[in-house]
Student: 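My structure is below; once you've seen it, I'll send some questions.
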Amino acid sequence: MSTEQEIFSPLPLDFYDQPTLQLAPALLGCLLVKETSEGTASGIIVETEAYKGPFDQAAHSFKSRRTKRTEIMFGTSGSTYTYVMHTHCLMNVVSGGVDVPEAVLIRAVEPYSGLSLIHSRRPKAKNERQLTNGPGKLCKALGISMEDYGHRLDQPPLWIASGPDRDKFVTKAGPRVGIDNTGEAKFYPWRFWIQDNRFVSR
DNA sequence: ACACTGATAGACT
DNA sequence: GTCTATCAGTGTC
C-alpha cells in the first residue's frame with residue numbers, strides 16, 4: 001500500500017520520454033490532479049488514446065501540420081495540450097519529444113479526491129459515472145481549461161502522479177472514438193482502457 | 001437514434 | 001472575410 005504522499009507526488013518529466021504507444025497504457029491507473037482556488041480534485045486515469053502526429057490521419061498534427069494550436073506538440077514531452085471542441089475542453093499529454101508532434105488524449109478518469117468539488121462542477125451528471133466518463137466531462141469536473149495549455153505536468157497546479165493500487169487491473173486496447181473520415185487511422189487499436197472500470201466512456 | 005449547441009482554428013475565396 | 005470541421009455533451013425525439 002502506498003502512502004498518501006506517494007500517491008499524489010508528481011511523476012518526473014522523464015516518465016513521458018517513452019514511445020507514445022507505450023506511454024498511453026502506462027498512464028492508466030495514474031492520478032490526474034488539479035489544484036485551483038476552490039480546492040484540489042483528482043481522478044484515476046482509466047482510458048487514454050494515442051495520437052501519432054505525422055503518420056496519423058486522426059491527429060491534429062498529421063503530416064507535421066505546425067500551427068498555433070499544434071505548436072505545443074512540437075515541444076518537450078510532459079506538456080499539456082488542451083483543445084476546445086464545441087463547448088468543451090479536451091486534455092492531452094504531449095509525447096514523442098521535441099519536434100515529434102505526438103500526444104495522448106485523456107478520455108476518462110475515476111473520481112478519487114475532491115468529490116464534493118467534482119459534483120458541484122458537474123451539476124448535470126445524473127449518476128456518479130457521468131461525472132467523468134468522457135474527455136470533456138473530466139476536464140470540467142477537475143477544472144482543467146485552456147489556461148492549462150502548455151503547462152508542464154510535473155508541478156502544480158496540474159500534474160500526474162503514480163496513484164494508488166498500481167498494476168491491479170487488466171489493460172485492454174481497441175479502436176479510437178470519434179474519428180470518422182480518417183481512413184485507415186480509424187481502425188488502429190490505439191485506445192487503451194482499464195477492463196471492467198465503469199468510468200470508461202464506452 | 002437524432003439534432004442542437006456554438007468556441008476556435010484552419011482552409012479557402 | 002467567410003466557410004467548415006472538429007480527439008463532445010446534452011436534451012429531445
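Throughout, protein chains are lettered first and strands after them, A, B, ... in sequence-line order, and every chain is numbered starting at 1. This structure is a prediction, so every number in the text was calculated from the model and none was measured.
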Student: Can a side chain N or O of A:Arg65 be found less than 4.0 Å away from OP1 or OP2 on B:dA11?
Tutor: yes
Student: Using the ring of each side chain (for Trp, its six-membered ring), is A:Tyr112 parallel, tilted or perpendicular to A:Phe8, with breaks at 30° and 60°?
Tutor: tilted
Student: Using a 4.0 Å heavy-atom cut-off, does A:Ile179 contact any base of the nucleic acid, only the sugar-phosphate backbone, or nothing at all?
Tutor: sugar-phosphate
Student: Take atom CG of A:Asn181 and atom P of C:dT4, then tell me their distance rounded to the nearest Å.
Tutor: 15 Å
Student: Does A:Lys68 reach a base, just sugar-phosphate, or nothing at all? Heavy atoms under 4.0 Å.
Tutor: sugar-phosphate
Student: For A:Arg176, answer base if it contacts any base atom (sugar-phosphate contacts may also be present), sugar-phosphate if it contacts only those atoms, and nothing otherwise; contact means non-hydrogen atoms under 4.0 Å.
Tutor: nothing
Student: For a quick test of reading the model, state the closest non-hydrogen atom pair linking A:Ser162 to A:Glu6 and the distance between them.
Tutor: OG-O, 3.2 Å
Student: Below the 4.0 Å mark, does C:dG9 have OP1 or OP2 next to a side-chain nitrogen or oxygen of A:Arg202?
Tutor: no
Student: So, under a plain 3.5 Å distance rule, would you say the side chain of A:Tyr83 forms a donor-acceptor pair with the base of C:dT6?
Tutor: yes
Student: Between A:Lys124 and A:Tyr51, which residue's closest nucleotide on DNA chain C lies nearer the 5′ terminus?
Tutor: A:Tyr51
Student: Report the nucleotide, chosen from C:dG11, C:dG9, C:dT6, that has the shortest atom-to-atom distance to any side-chain atom of A:Lys126.
Tutor: C:dG11
Student: Rounded to whole Å, how long is the line connecting atom NZ of A:Lys137 with atom P of C:dG11?
Tutor: 10 Å
Student: Looking at every heavy atom in both A:Pro135 and A:Cys139, which two are closest together, and how far apart are they?
Tutor: O-SG, 3.4 Å
Student: According to a cutoff of under 5.5 Å between the ring centres and under 30° between the ring planes, does A:His86 stack with the base of C:dA8?
Tutor: yes
Student: When both hydrogen-bonding distances must be under 3.5 Å and the geometry is Watson-Crick or G-U wobble, what is B:dC2 paired with, if anything?
Tutor: C:dG11
Student: Given atom CZ of A:Phe62 and atom C1' of C:dT6, what is their separation to the nearest angstrom?
Tutor: 16 Å
Student: Both A:Arg69 and A:Ala125 contact DNA chain C. Taking the nearest nucleotide for each, which residue is further toward the 5' end?
Tutor: A:Arg69
Student: Let me know the distance between CE of A:Met85 and C1' of B:dA9, rounded to the nearest Å.
Tutor: 13 Å
Student: Begin with the C-alpha distance, continue with both residues' side-chain angles, and end with the deciding distance and a verdict on side chain to side chain donor-acceptor pair (under 3.5 Å) for A:Tyr51 and A:Glu49.
Tutor: CA-CA 7 Å; A:Tyr51 285 86; A:Glu49 279 180 4; 2.7 Å; yes
Student: A:His88 NE2 to B:dA7 P: how many Å, rounded?
Tutor: 11 Å
Student: Take atom CG of A:Leu138 and atom C1' of C:dA8, then tell me their distance rounded to the nearest Å.
Tutor: 12 Å
Student: Grab the CZ-P distance between A:Arg122 and C:dA8 for me, whole Å please.
Tutor: 14 Å
Student: Counting side-chain heavy atoms from C-beta on, which of C:dG9, C:dG11, B:dT8 comes nearest to A:Val84?
Tutor: B:dT8
Student: Measuring only between side-chain heavy atoms, which start at C-beta, is A:Leu23 closer than 4.5 Å to A:Glu102?
Tutor: no
Student: Please state how far atom CG in A:Asn127 lies from atom C1' in C:dT10, giving the value in whole angstrom units.
Tutor: 14 Å
